[in-house]
Amino acid sequence: MGKSFVSVLDDVLEPAAWIHEGAPGCDMDQGAIAAFCGVCRSENGRIEALELEHYPGMAEAEMTRIADIAVDRFDLLSVLVVHRTGVVPVGEPIVVVAAHSLHRDAAFDAVRFLMDYVKTDAPFWKREVLAGGVRGPWVEAKDSDNVARETWALTG
Amino acid sequence: MKLRYFAWVRERIGLAEEEVELPDDVVTAGDLIGWLKGRGDNYAHALEQDRHIRAAADQHHVPHDTDVRAASEVALFPPMTGG
């Protein structure tokens with residue numbers, strides 16, 4: 001059974017360090033790691049940062065639940081899910097997921113699966129911080145995110 | 001029961017959390033939302049698109065038809081936008 005490693009961070013997220021951290025106990029001489037890093041976009045200069053709110057406790061629990069499903073479904077050696085909270089300036093990572101498996105196909109598939117589920121199930125909410133530091137609107141959820149999740153046709 | 005609110009649900013209600021005593025006719029998460037909407041304009045505004053409001057009982061996502069009477073903490077929040 002593979003390992004799940006999740007964290008909610010209120011400080012700068014360094015993807016490479018976490019991907020390395022997320023594979024402890026794995027035999028690094030066998031396997032493949034695929035990773036995804038989501039970064040705060042500027043939307044052509046309109047946005048200065050994103051302010052993230054989360055539900056402490058439930059956020060970690062949902063990230064663990066999603067990671068455990070991925071480990072089981074894709075037969076992974078380990079999974080990493082790290083999400084920022086607080087204010088994330090443009091250009092800084094918001095989320096990093098990584099999947100460690102024996103072969104690359106499972107790792108690639110698992111990374112997409114993890115992101116599709118984190119988007120719809122992990123209790124985080126983004127609000128825009130506009131140029132000049134003005135608090136903007138809350139980001140609206142996209143129907144396409146739910147469609148992506150449903151394509152995995154997972155029950156429960 | 002402890003109620004917790006997040007993101008714009010929290011802002012519109014004007015509270016992050018509160019303790020409430022549920023009336024006998026509130027059984028499900030949907031009943032709870034309907035009851036809260038009658039408690040004031042701030043609640044009515046926060047929960048007006050009630051179909052889109054998500055609920056969690058003791059930090060687990062639940063559909064609106066779930067019996068939440070045994071939960072010690074119920075949270076209401078907008079669709080999630082992390083990732």
Side-chain angles (χ1 to χ4, degrees), chain A residues 6 8-9 36-41 50-66 81-85 88 93-97 111-128 135-146 148-149 156, chain B residues 1-20 28-30 32-33 36-37 41-83:
Chain A
V6 311
V8 177
L9 272 190
F36 171 87
C37 174
V39 175
C40 179
R41 286 188 298 265
L50 287 169
E51 187 178 346
L52 282 117
E53 177 171 333
H54 75 295
Y55 185 170
M58 183 173 170
E60 292 86 345
E62 277 298 302
M63 289 156 72
T64 302
R65 184 180 69 83
I66 294 162
V81 182
V82 186
H83 207 298
R84 276 291 306 268
T85 189
V88 181
I94 295 171
V95 62
V96 171
V97 305
V111 162
R112 182 176 282 278
F113 173 94
L114 288 163
M115 279 308 301
D116 287 348
Y117 273 77
V118 165
K119 283 260 178 199
T120 55
D121 289 23
F124 289 87
W125 300 272
K126 292 187 190 113
R127 133 178 265 167
E128 295 177 350
R135 264 184 153 186
W138 291 92
V139 172
E140 281 189 44
K142 295 194 204 83
D143 287 340
S144 59
D145 289 337
N146 285 317
R149 181 197 193 279
Chain B
M1 173 184 287
K2 183 181 191 177
L3 299 181
R4 300 184 70 172
Y5 311 116
F6 291 94
W8 51 257
V9 171
R10 169 181 56 73
E11 285 191 334
R12 290 178 186 179
I13 290 176
L15 288 172
E17 57 182 67
E18 61 179 323
E19 288 284 340
V20 297
T28 66
L32 172 64
I33 291 169
L36 287 171
K37 284 168 78 172
D41 290 346
N42 52 332
Y43 290 94
H45 177 50
L47 305 171
E48 63 187 350
Q49 299 168 299
D50 46 12
R51 233 166 29 86
H52 297 289
I53 300 296
R54 304 297 178 92
D58 290 330
Q59 308 201 352
H60 295 279
H61 293 294
V62 292
H64 284 195
D65 60 1
T66 302
D67 185 337
V68 295
R69 285 173 298 180
S72 54
E73 178 176 302
V74 173
L76 300 175
F77 42 79
M80 289 143 282
T81 55

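Just so it is clear: chains get the letters A, B, ... in the order the sequence lines come, proteins before strands, and each one is counted from 1. The figures here come from the full heavy-atom set of this structure, side chains too, leaving out hydrogens, waters and symmetry mates.
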- Message: How close do His54(A) and Phe6(B) get, counting heavy atoms only, and between which atoms?
- Response: O-CE2, 3.6 Å
- Is it the backbone or the side chain of His52(B) that comes under 4.5 Å from a heavy atom of chain A, or both, or neither? neither
- Item | Atom CZ of Arg12(B): over 12 foreign heavy atoms under 6.0 Å | yes
- Min side-chain heavy-atom separation Met58(A)-His60(B) under 4.5 Å: no
- Task: Taking all non-hydrogen atoms of both residues into account, name the closest pair between Thr81(B) and Val139(A) and its distance.
- Result: CG2-O, 3.3 Å
- Message: Quick check: closest heavy atoms across Pro56(A) and Arg4(B), and the distance to 0.1 Å?
- Response: CD-NH2, 4.3 Å
- Under 4.5 Å, counting heavy-atom pairs only, tell me which of Val118(A), Leu50(A), Val96(A), Thr120(A) racks up the most with chain B. Thr120(A)
- Item | Largest heavy-atom contact set with chain B, pairs under 4.5 Å, which of Asp121(A), Val81(A), Leu52(A) | Asp121(A)
- Message: I need the residue from Gly38(A), Ala61(A), Pro123(A) with the largest number of non-hydrogen atom pairs under 4.5 Å to chain B.
- Response: Pro123(A)
- Contacting region of Arg84(A) [heavy-atom separation from chain B under 4.5 Å]: neither
- Task: Identify which part of Asn146(A) has an atom lying under 4.5 Å from any heavy atom of chain B, answering side chain, backbone, both or neither.
- Result: side chain
- Query: Considering residues, nucleotides and ligands other than Glu48(B), do more than 12 of their heavy atoms fall under 6.0 Å from its CD?
  - Reply: yes
- Message: To the closest 0.5 Å, what do you measure between CH2 (Trp8(B)) and CD (Glu53(A))?
- Response: 12.5 Å
- Non-hydrogen atoms of chain A under 4.5 Å away: do they reach the side chain of Ala56(B), the backbone, both or neither? side chain
- Correct closest heavy-atom pair for Trp125(A) and Met80(B) would be NE1-CA, 3.8 Å
- Check whether any side-chain heavy atom of His61(B) sits under 4.5 Å from a side-chain heavy atom of Glu62(A), and report yes or no. yes
- Message: Taking the side chain as everything from C-beta on, heavy atoms only, tell me whether Trp138(A) gets closer than 4.5 Å to Glu11(B).
- Response: yes
